[in-house]
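These notes concern the structure reproduced below.
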Amino acid sequence: MRTDLLNRLATHTQQREQAGLRRRLHTVARADGMWVQRDGRRLLSFCSNDYLGLAQHPALVDALKRAADSDGVGSGSAHLICGHRAAHAALEEALAEWTGRERALLFSTGYMANLGVMQALLQRDDVCVQDKLNHACLIDGAQLAGAELKRYPHADVEGAARQLAARPGAASLLATDGVFSMDGDIAPLRELSTLCRREQATLMVDDAHGLGVLGPQGEGSVADAGLGQGDVPVLMATLGKALGCSGAFVAGSAALIDGLVQSARTYIYTTAMPPALAAATLAAVRLAQAENWRREKLHALIARFRSGAGQLGLPLMPSPTAIQPLLLGDARAALEASEALEQAGFLVTAIRPPTVPQGKARLRITLSAAHEESDVDRLLEAFSRLPSGAASARPV
Ligand SMILES: *Cc1c(COP(=O)(O)O)cnc(C)c1O
C-alpha cells in the first residue's frame, strides 16, 4: 500500500508536539513601534529584526504611498519582461553605491536570492563550503544547485581550509553569514577572505543581519572588516531586517550581476517586487546611511543589555550585534521562559531545534533603535523575576 502523504505529515506534526518542538502561528493584530497587540494583549517585542526602527518610519510610508499613487501596486511581471521599473533601478544603484560594488540586483526575498546565486554559480561536482551555523537558505541553495556541500565547525577557518583542501581541483564557493542569525556573532571575514584568495575559491557573504547595523555608514560586516568587492566578490543582504522593508539584493561586479540575470532562476521566473516597495526601501537606505544616531543608540542599548544581563548571571552569548541570544539549552525551558516573559508583557520567541542545534535552544532577544533604555531595563527586571519553571534563564 502506498504511504499517504498527508497522514505522514500529520505524524511528523504530532512527533514535534511530543518533543516540545511544535511551531505555532500567532497573529499580530497591530504593531506600533516595538509594541505589538497579540491575543488581545499589548506586548513589548524583543524579537523583531527591525534593528534601526525604520519599518514604520513616516518617510518610508510616505514613499510607499506616493509610488503606489503613481505606479499602482503590482509590478505586473518579472523584471526581464516588463516588471523592472525606475524605482527598482534607482534602488539597485543606491545599494551598489552604499556597499561599494559595481552593481546590485534585486530579488523578492533573501531566501530566493541565495537559492538563485548558488544555482547560477554552482554546478554538479563543484564544492560549496559553509559554516555549520549558516542560515537555512544557504544550505538549501547549495543542495538545490547539486554541489557537494561541505560544512565546517562554526567560525573555524582551519576547518574551512581542510574542507577546501579535500577537493583541491574543484571549483569552490565558500559561503558564510556575515552576522550569524541565531548567535549574533560575526564571521572571521578577513581570515576567510585570505583563505579564499590562497585557495582560489569564491567568497560569498550573506549580510542579512549586518547591513545597516555594522560599518561606519551601515555598509555592513564586510566593509566593517575593511574588505571590498575584490575580497568578497559575492555580497548578499536582505531588505527586510535593518531596512524595515522586504526583499533582498546581491551586489558585486558587473559580470556577476549580468551572469545572474542570465542564469538565476529565482530572479528570472518570478514577479518583480512592487515598485512602491522599492521606493520605500530607497527611503530606508537613505535614512540608514545618514542617521548614525540610530546605530549609536542601538549599540548603546546592546551594551546596556549585555552589562545588565551579565550582572544577573544570564547565559549571554559572545555577540556584539543586535542579536543577543540567551542560551538555555533545553527546548522546553526556552519555551517556558518565553511564556513567562509573555505573562510579564514581553514578546521574546524561543528558538528551538532544528533552527538551532540539539541542546542549544535559546531565547533570541533582538534590540532595536526603536527601544528605549527603560525598555531594556524593564526586560532585565522581568528576567530577575522569572518563575521557577524557567529556571535556566533565572539569575544564578
Ligand atoms: C532572514 C535571512 C535570510 C532570508 O531573507 P528573507 O528576505 O527573509 O527571505 C537569508 N539569510 C539570512 C542570514 C537571514 O537571516
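Sequential numbering from 1 along the given sequence is applied to the chain's residues. For ligands, and for the atoms within them, numbers begin at 1 and follow the listed sequence. Please read all numbers here as calculations on a predicted model, not as lab measurements.
In this structure, the ring of F46 has its center less than 6.0 angstrom from the ring center of H371.
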Criterion side-chain contact (heavy atoms from CB on, under 4.5 Å) on L282 and L95, from CA distance to verdict:
CA-CA 8 Å; L282 180 58; L95 290 168; over 6 Å; no
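Counting the atoms of ligand 1 from 1 in the order shown, those under 4.0 Å from a heavy atom of S181 are 15 (O). Atoms of ligand 1 found under 4.0 Å from any heavy atom of T109, numbered from 1 in the order shown, are 7 (O), 9 (O). Close approach of ligand 1 to H209 (heavy-atom distance below 4.0 Å) involves ligand atoms 14 (C), 15 (O). Close contacts between ligand 1 and D177 involve ligand atoms 13 (C) [criterion: under 4.0 Å to a heavy atom]. For ligand 1, the atoms sitting less than 4.0 Å from at least one non-hydrogen atom of Y111 are 4 (C), 5 (O), 6 (P), 9 (O), numbered in the order shown with element in parentheses.
In this structure the side chain of V376 never reaches within 4.5 angstrom of the side chain of Q324, judged on heavy atoms.
Contact annotation: for C137 versus ligand 1, heavy atoms closer than 4.0 Å belong to the side chain alone.
Under the side-chain hydrogen bond (donor to acceptor under 3.5 Å, both in side chains) test applied with Y51, the options H209, R295, R294, K241 reduce to a single match, H209.
Among protein heavy atoms, atom 11 (N) of ligand 1 sits closest to D206 OD2, 2.5 Å. The protein heavy atom nearest to atom 7 (O) of ligand 1 is G110 N, 2.7 Å.
Residues E17 and R23 are not paired through a salt bridge, judged by the lack of any N-O separation under 4.0 Å between the basic side chain and the carboxylate.
At under 3.5 Å, not a single nitrogen or oxygen of T238, backbone or side chain, sits near a nitrogen or oxygen of ligand 1. In terms of polar-atom proximity, A208 is not counted as a contact of ligand 1, lacking any N or O under 3.5 Å from an N or O of the ligand.
Separation of atoms NZ (K65) and CG (L60) is listed at 12.0 Å; rounding is to 0.5 Å.
For D156, the CG atom is densely surrounded, since the number of other residues' heavy atoms within 6.0 Å is greater than 12.
Distances from atom 1 (C) of ligand 1 to the heavy atoms of M182, K241, H135, M236 put K241 nearest.
Between the D224 side chain and the L214 main chain, no donor and acceptor come within less than 3.5 Å of each other.
Using a non-hydrogen distance threshold of 4.0 Å, A248 does not register as a contact of ligand 1.
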